[in-house]
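Everything below concerns the one structure shown next.
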Amino acid sequence: MPAIVLVGAQWGDEGKGKATDLLGSSVDYVVKFNGGNNAGHTVVIEKDGKREKYALHLLPSGILSPNCTPVIGNGVVIDLSVLFEELDGLQARGIDTSKLLVSANAHVIPSYNRTIDKVTERFLGKRRIGTTGRGIGPTYADKMNRVGIRIQDLYDEGILRQKVEAALELKNQLLVKIYNTRASAVDEVVEELLSYAGRLAPMVADTSLVLSQALDRGDTVLFEAGQATLLDVDHGTYPYVTSSNAVAAGACTGSGVPPTRIDSVIAILKAYTTRVGEGPFPTELHDDMGEFLRKTGAEYGVTTGRPRRCGWLDTVIGRYATRINGVTDFVVTKLDILTGLEKVPVCVAYDVDGVRHDEMPVNQTDFHHATPIYEELDGWWEDISQCRTFEDLPANAQAYVLRIEELIGARVSAIGVGPGRDEIIERFPLKPAVAG
């Protein structure tokens with residue numbers, strides 16, 4: 001009954017699709033358990049001799065696998081307009097989306113929360129968080145404040161209207177009196193949300209029960225995190241984080257599957273480091289090398305198009321991800337981007353006011369002022385995109401991977417050597433063996 005959690009080990013955009021592809025046809029369900037359309041991932045598929053690129057924002061990557069059931073769990077916040085826009089786009093390209101299941105307990109992003117998200121960021125000015133402005137944070141805040149709207153509310157107009165009225169009683173005061181913006185009309189919000197109910201109805205399910213029954217049957221369930229460890233609202237670089245739990249433990253609360261059913265945790269680690277938005281980033285490069293990583297790695301946000309901040313690999317973060325998530329296997333992606341460099345620096349510790357830190361500093365202030373301590377490894381010049389075994393890699397590329405493995409404290413089971421789905425090396429099986 002393998003239940004596998006897949007998480008990002010850095011600040012997102014690590015390439016989680018690589019691990020999903022490697023598990024391939026063995027995965028029966030792929031579950032998105034947190035976040036919303038504030039993050040995206042790109043999946044490249046070989047189709048009729050051509051590479052087809054798919055940019056997914058809200059949907060789990062399992063939507064592209066014909067034998068897999070994609071699930072949006074209760075921990076996700078859903079912009080229904082984006083959901084159907086993505087589904088329509090995939091259907092137009094010949095992808096069957098009929099298996100999608102959506103939790104009745106997932107929260108909906110109403111239009112007024114998108115407005116509040118955008119105007120709040122403008123209002124904060126230099127103190128802005130760097131959100132995508134898609135209403136994710138305000139919707140999670142509504143959830144905690146118990147004024148949120150859930151998928152199931154779309155099927156009781158009376159309850160829906162009461163909830164919208166209650167939410168707007170305060171939010172319209174904020175929009176008009178603080179932000180000098182037009183108030184949202186209750187009727188307009190209710191009408192928009194109800195317009196999606198009919199098409200959505202066949203997808204709505206008790207997904208916790210569905211997944212429990214799937215595991216009882218011995219099906220393989222993959223829980224796919226949005227964002228990444230350092231963006232987790234509790235364990236990330238707060239306040240420059242997302243509004244949900246993006247670590248492995250979030251798979252349980254975000255899906256209704258208990259922790260005793262999780263068999264393994266796979267973390268994705270890019271061979272260098274990137275992040276989007278504001279916040280500390282010890283290994284960030286502000287020079288030509290940073291621009292080289294950005295251009296060579298095509299480091300631009302899938303959802304926003306924003307250029308990503310780029311820097312060298314930080315194994316302090318890698319060790320932290322191992323500990324926080326209970327990582328059993330790492331997948332290192334984009335190793336090919338480092339080809340052609342004479343030396344490849346790797347951050348092994350931080351210097352904070354003359355004190356060495358081998359682990360993440362407790363205080364955010366210390367992390368913000370951390371200076372990376374680098375170890376320089378020899379680079380390689382050979383094209384590695386055709387390598388399919390670890391032994392195929394140049395000696396220096398092998399040494400780089402082995403040193404990373406040593407520094408992060410968990411095995412590197414797979415290595416991405418190119419953008420294609422098949423451009424990956426599997427050192428160790430990612431799917432755990434199950435007794436019986």
Side-chain angles (χ1 to χ4, degrees), residues 1-7 16 20 23 26-37 39 41 56-80 82-84 86-87 90 95-109 136 139-140 143 148-156 159-160 193 196-227 243-263 265:
M1 60 151 205
I4 304 165
V5 181
L6 181 64
V7 298
K16 290 187 283 291
T20 308
L23 291 162
S26 65
V27 175
D28 301 295
Y29 290 79
V30 174
V31 185
K32 182 180 176 74
F33 63 81
N34 76 300
N37 60 307
H41 51 279
L56 303 176
H57 306 275
L58 183 57
L59 294 169
S61 61
I63 197 82
L64 298 173
S65 301
N67 297 319
C68 181
T69 299
V71 178
I72 295 178
N74 58 273
V76 178
V77 291
I78 303 172
D79 185 324
L80 292 170
V82 172
L83 175 66
F84 290 120
E86 281 199 40
L87 290 172
L90 291 178
I95 302 295
D96 179 13
T97 63
S98 62
K99 289 185 176 182
L100 176 66
L101 298 178
V102 178
S103 172
N105 291 338
H107 280 245
V108 174
I109 300 174
I136 310 296
T139 301
Y140 276 115
K143 181 178 180 177
I149 297 166
R150 298 193 293 179
I151 291 289
Q152 59 181 277
D153 297 329
L154 273 59
Y155 302 96
D156 187 327
I159 291 291
L160 176 62
L193 293 174
Y196 300 113
R199 185 177 175 187
L200 185 66
M203 308 174 196
V204 180
D206 181 347
T207 53
S208 173
L209 176 62
V210 169
L211 295 171
S212 178
Q213 291 173 337
L215 290 170
D216 288 342
R217 289 194 302 269
D219 291 345
T220 297
V221 179
L222 179 66
F223 298 89
E224 186 178 65
Q227 291 86 37
S243 303
S244 62
N245 289 114
V247 294
C252 298
T253 55
S255 69
V257 171
T260 50
R261 306 210 74 167
I262 304 301
D263 293 281
V265 177

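Because the structure is predicted, anything quoted here is derived from the model rather than measured. Numbering starts at 1 and runs along the sequence shown.
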* Non-neighbouring partners of F84 that pass ring-ring contact (aromatic ring centres under 6.0 Å, His included), sequence neighbours left out ->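 For F84, the residues satisfying ring-ring contact (aromatic ring centres under 6.0 Å, His included) (neighbours in sequence not counted) are Y196.
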
* To do: Could you name each residue pair satisfying salt bridge (charged side-chain N to carboxylate O under 4.0 Å, His left out) that touches residues 243-253, not counting sequence neighbours?
  =>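 Residue pairs passing salt bridge (charged side-chain N to carboxylate O under 4.0 Å, His left out), neighbours aside: none found.
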
* Would you list the pairs meeting salt bridge (charged side-chain N to carboxylate O under 4.0 Å, His left out) in which at least one residue belongs to residues 202-214, sequence neighbours left out? =>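 For residues 202-214, and leaving out neighbouring residues, there are no salt bridge (charged side-chain N to carboxylate O under 4.0 Å, His left out) pairs at all.
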
Check whether any side-chain heavy atom of [X] lies under 4.5 Å from a side-chain heavy atom of [Y], and answer yes or no.
X	Y	value
L87	R199	yes
I151	L80	yes
I63	L90	yes
V221	V31	yes
I262	F223	yes
P70	V30	no
T69	V71	yes
E86	L56	yes

Sub-3.5 Å donor-acceptor pair from the side chain of [X] to the main-chain atoms of [Y], do we have one?
X	Y	value
N37	L58	no
S255	A251	yes
N67	S26	no
E224	V5	no
T220	V27	no

Where is the tightest heavy-atom contact between [X] and [Y], given as atom of each residue plus distance?
X	Y	value
A246	A225	O-CB, 3.6 Å
A104	V204	CB-CG1, 3.7 Å
K143	G75	NZ-CA, 4.1 Å
I136	G36	CD1-CA, 4.0 Å
G256	N74	N-OD1, 3.7 Å

Nearest 0.5 Å, what's the [atom1]-[atom2] distance between [X] and [Y]?
X	Y	atom1	atom2	answer
I149	I159	CD1	CD1	11.5 Å
L222	Y29	CG	OH	13.5 Å
L160	D156	CG	CG	8.5 Å
L6	L23	CG	CG	8.0 Å

Can you name the residues that form a side chain to side chain contact (heavy atoms under 4.5 Å, CB included) with [X], not counting sequence neighbours?
X	answer
A197	L154, Y155
N245	D232, V233, D234
P259	C252

* To do: Check the pair T139 / I78 against side chain to side chain contact (heavy atoms under 4.5 Å, CB included), numbers first and verdict last.
  => CA-CA 9 Å; T139 301; I78 303 172; over 6 Å; no

* **Inter- and intrachain pairs under side-chain hydrogen bond (donor to acceptor under 3.5 Å, both in side chains), touching residues 97-107, at least two apart** =>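 Sorted result for residues 97-107: Q91-T97, D96-S98, N105-R150, N105-Q152.
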
With sequence neighbours excluded, residues passing side-chain hydrogen bond (donor to acceptor under 3.5 Å, both in side chains) with [X]:
X	result
T207	none
S243	none
Y140	none

* Under the side chain to side chain contact (heavy atoms under 4.5 Å, CB included) criterion, do Q227 and S244 qualify, and how do the steps go? -> CA-CA 9 Å; Q227 291 86 37; S244 62; 4.0 Å; yes

* Between N34 and V76, does a side chain to side chain contact (heavy atoms under 4.5 Å, CB included) hold up when you go through it step by step? -> CA-CA 4 Å; N34 76 300; V76 178; 5.6 Å; no

